[in-house]
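What follows is a set of notes on a single structure, which appears directly below.
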Amino acid sequence: CKILRCNSEFWASTSSSGQEEEFCTALRAYNGCVRRTARTCRGDLAYHSAQHGIEDLMSQHNCSKEGPTSPPRARTPPPPLPPPLQPDTQERSDGPEACHYERSPPRGAAQPNYTHCGFFGD
Amino acid sequence: PHLRTFGDDFQTCKVEGAWPLIHNRYLSVQVTNTPVVPGSLATAPSKLTIIFKNFQECVDQKMYHAETDELPSAFADGSKNGGERHGANALRVVEQVPGQHVVIQARYIGTTVVVRQVGRYLTFAVRMPEEVVNSVEEGDDQDLYLCLHGCPANQRIHFRDFRARAAEAQGPGRGRSGAGAHGFTYQSARAKCKERLPVEDLYFQSCVFDLLSSGDINFTMAAYYAFEDVKMLHSNSKMYHLFEKDAFKSRAAPRDG
């Protein structure tokens with residue numbers, strides 16, 4: 001369970017900023033980070049506290065759940081829309097880290113285990 | 001149809017009509033199987049619906065729907081990616097061969113889906129992280145999802161029984177050629193399948209089964225491409241080929257005693 005990492009990233013991202021809009025962005029990113037730890041953190045007190053804490057903070061600061069969630073330490077503008085899809089365009093940016101499973105922070109360096117399912121024939 | 005589950009069980013099933021293959025927090029896949037030959041138990045996939053659910057700042061909910069003779073290169077809404085969000089390109093439809101071969105990359109969940117049309121029927125293959133496979137909605141009974149738990153026992157067809165019947169049908173006094181209702185003998189079906197599938201694994205066996213039960217030579221290619229997809233998607237090269245003893249060891253053994 002890597003909930004403490006989510007917590008520290010959130011506090012790091014909000015410590016230098018006083019703007020409400022940026023706080024909401026960081027809060028949404030925090031929410032995303034916490035949600036990604038859901039499976040491994042089930043039953044963890046810090047995880048459940050964070051869940052409730054986020055709801056409270058969102059309500060207090062009037063933040064909407066939908067909206068930008070730029071990662072706290074790399075706030076880049078959205079990339080332009082890509083040209084039509086081609087098989088050779090695999091390396092284009094996929095947006096935030098959370099949108100690339102293998103790069104998602106909570107999983108660290110460990111490679112996920114992949115499984116396969118196939119359905120064919122008569 | 002033939003099913004290779006996430007647990008590497010290989011099964012042959014009847015499952016006529018609509019059945020769920022996968023259902024979790026991130027996506028749902030449903031397949032519809034229709035009879036190959038009227039009056040026969042043999043069915044094959046003719047429709048496939050995949051729903052990629054709305055995910056954080058990455059993708060809007062998207063549906064991909066394919067039917068026989070309609071294998072689109074886009075989602076149902078005409079788009080080819082995950083919508084307008086920041087990470088929309090983490091979900092993409094990539095057409096490999098128009099009308100025959102589509103790959104859907106869902107990078108935000110580390111998942112790759114391959115859909116093909118071979119002959120008159122569809123094939124489906126997916127590579128998915130275990131974590132995503134097991135991300136089950138709370139309170140959702142997962143018993144019926146074929147990729148996870150295989151076909152229900154009463155829907156399974158066993159090669160061994162089928163082979164025994166095929167061999168019996170070709171025994172002495174059963175006709176000059178020994179050919180089944182669809183023109184293939186057991187030996188001629190084996191010879192045909194051997195051309196594409198030299199290893200006598202369960203893909204080869206399924207090919208023989210399909211030729212004998214349907215007479216449709218396209219099923220040779222369905223088995224061939226299913227194996228090609230395994231080579232592309234399976235993470236363990238030692239598990240590409242499955243043999244009868246491997247396929248039935250985990251589930252059939254206790255039931256069969």
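Side chains are part of it too, since the values below use all heavy atoms of this structure and drop only hydrogens, waters and symmetry mates. We name chains A, B, ... by the order of the sequence lines, and we start the count at 1 in each one.
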About how many Å separate SG of B:Cys58 and OH of B:Tyr26, when rounded to the nearest 0.5 Å? 10.5 Å
Side chains of B:Tyr108 and B:Phe52: closer than 4.5 Å at any heavy-atom pair? yes
Contact check, side chains of B:Phe75 and B:Leu91, non-hydrogen atoms, under 4.5 Å: yes
Which heavy atom of [X] sits nearest to which heavy atom of [Y], and what is that distance?
X	Y	result
A:Arg28	A:Met58	CG-CE, 3.7 Å
B:Val36	B:Ser214	CG1-CB, 3.6 Å
B:Gly150	B:Arg156	C-NH2, 4.5 Å

Part of [X] lying under 4.5 Å from any heavy atom of chain A:
X	result
B:Val113	neither
B:Ile109	backbone
B:Val126	both
B:Leu146	side chain
B:Ser206	side chain
B:Val31	side chain
B:Asn236	neither
B:Leu48	neither
B:Arg120	neither

So which residue, B:Val118, B:Ile22, B:Thr12, B:Asn33, ends up with the most heavy-atom pairs under 4.5 Å with chain A? B:Asn33
Interface check, chain A: of B:Ala44, B:Pro1, B:Ala125, B:Gly110, most non-hydrogen pairs under 4.5 Å belong to B:Pro1
A:Gln51 pairs by side-chain contact (heavy atoms from CB on, under 4.5 Å) with which of A:Ile3, A:Asn31, A:Val34? A:Val34
Residue-level interface, residues 219-228 of chain B with chain A, non-hydrogen cut-off under 4.5 Å: B:Phe219, B:Ala222, B:Ala223, B:Ala226
Measure up the A:Phe10 and A:Tyr30 rings against each other and bin them: parallel (under 30°), tilted (30 to 60°), perpendicular (over 60°). parallel
Taking the six-membered ring where the residue is Trp, are the ring centres of B:Tyr203 and B:Phe10 under 6.0 Å apart? yes
A:His116-B:Asp229 side chain donor-acceptor pair, cut-off 3.5 Å: no
Show, in sequence, the C-alpha distance, side-chain angles and deciding distance for B:Ile50 and B:Val115, and conclude whether the side chain to side chain contact (heavy atoms under 4.5 Å, CB included) test is met. CA-CA 10 Å; B:Ile50 307 172; B:Val115 183; 4.2 Å; yes
